[in-house]
Amino acid sequence: MTQDDRQTFANQVYAIIAAIPVGKVITYGQIAKMAGMPTYIRQVCFVLRHLPKGSKLPCHRIINGQGRLSVTGDSYLKYKLKLISEGIEFNQKDKIDLRKYGWYN
DNA sequence: TAAATGACTTGAG
DNA sequence: CCTCAAGCCATTT
């Protein structure tokens, strides 16, 4: 894994996230696949966790395969509210219907 | 060089 | 629905 490879992967992840339509969400697995690295789930995770603070990427639209937010800490609630304001609904178990809101399910 | 870590996933109980 | 275990792989210690 060279510096360039890592940079390229990160850039692809950024590009994909930036392309998520309003009112849709995407899972880690989807991102990895779209970036051409289906097994790099952990790296997607790593990239997201180390997003630049001032990033304008809609990282709140990224959820886990169960349709739940994977964010830890207080940002969980913030993300949830943003999603709701974008038209995404949560069921009583705080889950999102991927069949309806998932991007390219 | 080896061990620990993480915004994950899938499957079993 | 929830918890646990194993698999995952670059980055950090």
Side-chain angles (χ1 to χ4, degrees):
Chain A
M1 206 58 179
T2 69
Q3 285 275 346
D4 287 347
D5 289 336
R6 167 167 60 213
Q7 189 74 49
T8 298
F9 178 73
N11 286 333
Q12 294 189 77
V13 172
Y14 295 150
I16 294 168
I17 296 173
I20 303 175
V22 175
K24 294 286 180 185
V25 294
I26 194 173
T27 66
Y28 295 85
Q30 278 291 316
I31 293 176
K33 264 192 212 168
M34 294 178 74
M37 307 282 194
T39 65
Y40 277 35
I41 296 172
R42 294 305 236 177
Q43 277 50 312
V44 172
C45 184
F46 187 91
V47 170
L48 287 180
R49 208 166 120 46
H50 293 92
L51 270 179
K53 187 190 171 193
S55 172
K56 309 232 173 7
L57 295 176
C59 46
H60 54 276
R61 297 193 193 130
I62 300 170
I63 62 180
N64 63 23
Q66 303 176 5
R68 290 172 141 294
L69 295 181
S70 293
V71 190
T72 60
D74 298 337
S75 32
Y76 177 91
L77 187 56
K78 287 190 171 186
Y79 283 4
K80 182 178 175 181
L81 293 177
K82 279 189 183 178
L83 291 170
I84 291 176
S85 71
E86 292 181 355
I88 293 174
E89 302 171 33
F90 286 74
N91 69 13
Q92 298 186 324
K93 297 300 173 187
D94 269 6
K95 281 193 181 174
I96 295 171
D97 185 350
L98 282 175
R99 310 237 291 184
K100 188 172 181 184
Y101 299 109
W103 192 31
Y104 285 83
N105 358 200

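Numbered from 1 within each chain, the chains take letters A, B, ... in sequence-line order.
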Using a 4.0 Å heavy-atom cut-off to protein, can you give one letter per nucleotide of nucleotides 6-13 of chain C, 5' to 3': B if the base is in contact, S if only the sugar-phosphate is, - if neither?
--BBSS--
Listed partners of A:Asp5 passing side-chain contact (heavy atoms from CB on, under 4.5 Å), at least two apart:
A:Met1, A:Thr2
What integer distance in Å separates A:Tyr28:OH from B:dT10:P?
14 Å
Short of 4.0 Å, heavy atom to strand atom, which residues of residues 57-69 of chain A count as contacting DNA chain B?
A:Cys59, A:Asn64, A:Gly65, A:Gln66
Work out which heavy atom in A:Pro52 is nearest to a heavy atom in A:Tyr14; give both atom names and the distance.
CD-OH, 4.2 Å
Taking all atoms of both residues into account, what is the closest heavy-atom pair of A:Ala18 and A:Leu57, and its distance?
CB-CD2, 3.7 Å
Check A:Tyr28 against A:Ile41 and note the closest heavy-atom contact, atom names and distance.
CB-CG2, 4.2 Å
Are there runs of at least three consecutive Watson-Crick or G-U pairs touching DNA chain C, with each pair's two distances under 3.5 angstrom? Give them by first number.
B:2-6 with C:9-13, B:8-13 with C:2-7
A:Asn91: what forms a side-chain contact (heavy atoms from CB on, under 4.5 Å) with it, not counting sequence neighbours?
A:Lys93, A:Lys95
Run the side-chain contact (heavy atoms from CB on, under 4.5 Å) test against A:Asn105 and tell me which residues pass, sequence neighbours left out.
A:Arg99
Closest non-hydrogen contact found for A:Lys100 with A:Lys24 is O-NZ, 3.4 Å
Would you please confirm or rule out a distance under 4.0 Å between OP1 or OP2 of C:dC2 and any side-chain N or O of A:Lys93?
no
For the residue pair A:Ile17 and A:Pro58, what are the closest heavy atoms and their distance?
O-CG, 3.4 Å
Under the side-chain contact (heavy atoms from CB on, under 4.5 Å) rule, what do A:Val44 and A:Ile62 come out as? Steps first, then yes or no, please.
CA-CA 10 Å; A:Val44 172; A:Ile62 300 170; 5.8 Å; no
Taking all non-hydrogen atoms of both residues, which atom of A:Asp94 and which atom of A:Lys80 are closest, and how far apart?
OD1-NZ, 2.8 Å
